Amino acid sequence: MLNNKQIERVLETIGEMFPDAHCELNHSNPFELVIAVSLSAQCTDALVNKVTKKLFEKYKKPEDYIAVPLEELQNDIRSIGLYRNKAKNIRKLCEMLLENYDGKVPREREELMKLPGVGRKTANVVMSVAFGIPAIAVDTHVERVSKRLGICRWKDSVLEVEKTLMKKVPEEKWGQTHHRLIFFGRYHCKAQKPQCEICPLLDLCREGKKWMKRSS
DNA sequence: CTCCCGATAT
DNA sequence: ATATCAGGAG
């Protein structure tokens with residue numbers, strides 16, 4: 001496990017590598033962000049953006065998603081994968097927004113997580129990106145990077161990873177750090193082919209040597 | 001734990 | 001051919 005000084009070095013380094021890390025899911029309001037993030041489960045954001053480009057032109061409000069047959073919505077998001085679950089969730093989510101939230105996306109984590117297809121990770125993204133409420137969403141990249149670097153333990157659950165990051169990172173830097181960890185994981189410390197050879201953090205990474213061998 | 005699932009990289 | 005992708009629900 002990294003000590004506080006090492007954590008500080010990690011934050012500084014990923015800040016230099018990805019100073020302008022940001023949410024890469026295209027959206028123009030909280031409602032579109034909820035849809036985009038719920039679609040992004042087990043799918044690249046590039047593909048989500050390809051689908052939402054057309055989707056957001058066709059469906060503007062919660063009412064629009066309910067107005068069409070479920071099969072039509074399934075077809076509009078088919079290329080994403082997991083499309084039956086996602087279509088059903090989006091439809092129900094829109095119904096709930098209209099019934100319980102005046103058609104608007106709630107800001108509270110507890111309320112967000114009541115929506116179908118919205119778990120803690122998605123709720124945290126919406127809170128942080130759409131509403132500017134401090135939160136750290138732990139996705140596959142944040143989890144992998146945190147564990148490889150030794151920010152947390154290998155056996156930690158995603159919730160434990162989130163708690164560790166909240167404890168180790170100053171609250172005013174949660175949003176920024178969250179996106180930098182994602183960029184670091186997505187473009188540098190990748191799942192299949194991590195760039196260990198050019199990694200400025202290799203000396204404090206427990207997994208680095210293992211990956212160096214595999215790539216040689 | 002399993003299932004959902006197409007697109008892409010390796 | 002297999003692993004992975006801004007996960008969530010049962």
Side-chain angles (χ1 to χ4, degrees), chain A residues 14 18 20-27 30 32-55 70-71 73-96 105 109-131 133 135-148 155-162 165 174-197 207 210-211 213-216:
Chain A
I14 64 175
F18 305 102
D20 56 353
H22 58 282
C23 176
E24 295 198 301
L25 290 169
N26 295 336
H27 65 283
E32 286 188 356
L33 183 62
V34 177
I35 302 291
V37 181
S38 75
L39 285 175
S40 72
Q42 295 294 293
C43 173
T44 60
D45 57 345
L47 190 54
V48 173
N49 287 336
K50 200 178 293 182
V51 166
T52 54
K53 184 176 181 183
K54 286 185 170 182
L55 197 73
L70 187 58
E71 294 73 24
L73 181 55
Q74 282 183 7
N75 225 314
D76 289 334
I77 66 170
R78 184 173 301 269
S79 60
I80 292 281
L82 311 181
Y83 61 91
R84 277 185 276 261
N85 283 339
K86 289 175 181 177
K88 180 156 51 74
N89 286 338
I90 287 174
R91 199 180 164 81
K92 179 65 177 174
L93 178 147
C94 288
E95 289 174 3
M96 289 177 65
V105 179
R109 180 183 290 120
E110 190 177 319
E111 299 304 316
L112 284 164
M113 289 180 64
K114 289 179 183 172
L115 301 170
V118 179
R120 189 178 178 93
K121 177 245 154 184
T122 299
N124 282 348
V125 172
V126 172
M127 287 166 52
S128 174
V129 175
F131 299 125
I133 301 167
I136 298 179
V138 178
D139 63 26
T140 180
H141 297 299
V142 175
E143 180 180 10
R144 182 181 64 252
V145 167
S146 299
K147 291 183 176 180
R148 279 184 181 169
K155 313 212 71 172
D156 283 350
S157 67
V158 289
L159 184 57
E160 286 168 329
V161 177
E162 181 183 330
L165 286 169
W174 285 0
Q176 180 189 69
T177 300
H178 152 69
H179 285 118
R180 287 173 177 175
L181 284 171
I182 288 176
F183 271 54
F184 183 79
R186 181 180 295 160
Y187 301 115
H188 177 81
C189 192
K190 297 182 282 188
Q192 298 197 39
K193 198 180 162 192
Q195 312 286 92
C196 300
E197 299 85 347
E207 292 299 291
K210 185 194 302 181
W211 283 101
K213 281 186 182 177
R214 184 180 300 201
S215 65
S216 63

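No experiment lies behind these values; they were computed from the predicted model shown. Here is the naming used below: chain letters follow the sequence lines, and residue numbers restart at 1 for every chain.
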For A/Glu160, does its backbone N or O pair with a side-chain atom of A/Ser157 as donor and acceptor, under 3.5 Å?
-> yes
The residue, A/Leu115 or A/Ala46, whose nearest nucleotide of DNA chain C is more 5′ is A/Ala46
is_close_aromatic(A/Phe183, A/His188), centroid dist under 6.0 Å = no
When rounded to the nearest Å, what value does the distance between C1' atoms of B/dA7 and C/dA9 take?
-> 23 Å
List for me each residue that meets side-chain hydrogen bond (donor to acceptor under 3.5 Å, both in side chains) alongside A/Gln42, sequence neighbours excluded, and say none if there are none.
-> none
Taking atom C1' of C/dT4 as reference, at what distance in whole Å does atom CZ of A/Arg148 sit?
-> 12 Å
Base, sugar-phosphate, or nothing for A/Ser38, non-hydrogen atoms under 4.0 angstrom?
-> nothing
Rounded to the nearest angstrom, tell me the gap between atom CG in A/Leu165 and atom P in C/dA6.
-> 18 Å
Quickly, which of A/Asp45, A/Val145, A/Asp139 forms a side chain to side chain contact (heavy atoms under 4.5 Å, CB included) with A/Ile182? Name it, please.
-> A/Asp139
What nucleic acid atoms does A/Ala137 come within less than 4.0 Å of, heavy atoms only: base, sugar-phosphate, or nothing?
-> nothing
Integer angstrom distance from the P of C/dT4 to that of B/dT2 | 16 Å
For each nucleotide in nucleotides 2-10 of chain B, reading 5' to 3', give B when a protein heavy atom comes within less than 4.0 Å of its base, S when such contact involves only the sugar-phosphate, and - otherwise.
-> --BBBSS-S
Whole-Å C1' distance, C/dT2 and B/dC5 | 15 Å
Tell me: CG of A/Leu93 to P of C/dA9, nearest whole Å?
-> 11 Å
C/dC5 versus B/dC4 - spacing of their C1' atoms, nearest Å | 14 Å
Whole-angstrom distance between C/dG10 and B/dG6, as gauged at atom C1' = 22 Å
Applying side chain to side chain contact (heavy atoms under 4.5 Å, CB included) between A/His27 and each of A/Val126, A/Val48, A/Asn49, A/Leu33, report the one that passes.
-> A/Leu33
For A/Glu32, all residues meeting salt bridge (Lys or Arg N to Asp or Glu O under 4.0 Å), sequence neighbours excluded | none
Got a sec, which residues hit salt bridge (Lys or Arg N to Asp or Glu O under 4.0 Å) with A/Asp156, two or more places apart in sequence or on another chain?
-> none
Closest non-hydrogen atoms of A/Ala135 and A/Arg109, given as atom of the first, atom of the second and distance, are CB-NH2, 4.1 Å
How close or far is atom C1' of C/dA9 from atom CZ of A/Arg91, stated in whole angstroms?
-> 20 Å
Using the P atom on both, measure B/dT8 against C/dG8 and round to a whole Å.
-> 23 Å
How would you list all residue pairs meeting side-chain hydrogen bond (donor to acceptor under 3.5 Å, both in side chains) that involve residues 77-96 of chain A, not counting sequence neighbours?
-> A/Arg78-A/Tyr83
Whole-Å distance between C/dA6 C1' and A/Ile35 CD1?
-> 16 Å
Looking at every strand, decide which applies to A/Val118 at a 4.0 Å heavy-atom threshold: base, sugar-phosphate, or nothing.
-> sugar-phosphate
Atom CD of A/Glu32 and atom P of C/dA6: how far apart are they, to the nearest Å?
-> 20 Å
Report yes if some heavy atom in the side chain of A/Leu25 is under 4.5 Å from a heavy atom in the side chain of A/Leu39; otherwise report no.
-> no
List in numerical order all residues of residues 178-188 of chain A for which some heavy atom is under 4.0 Å away from an atom belonging to DNA chain C.
-> A/His178, A/His179, A/Ile182, A/Arg186
Spacing of A/Trp174 atom CH2 relative to C/dA6 atom P, expressed in whole Å = 24 Å
Where each residue is assigned the nucleotide of DNA chain C containing its nearest heavy atom, which of A/Leu25 and A/Met113 is assigned the position nearer the 5′ end?
-> A/Leu25
Mind calculating the distance between CG (A/Asp45) and P (C/dT4) to the nearest angstrom?
-> 18 Å
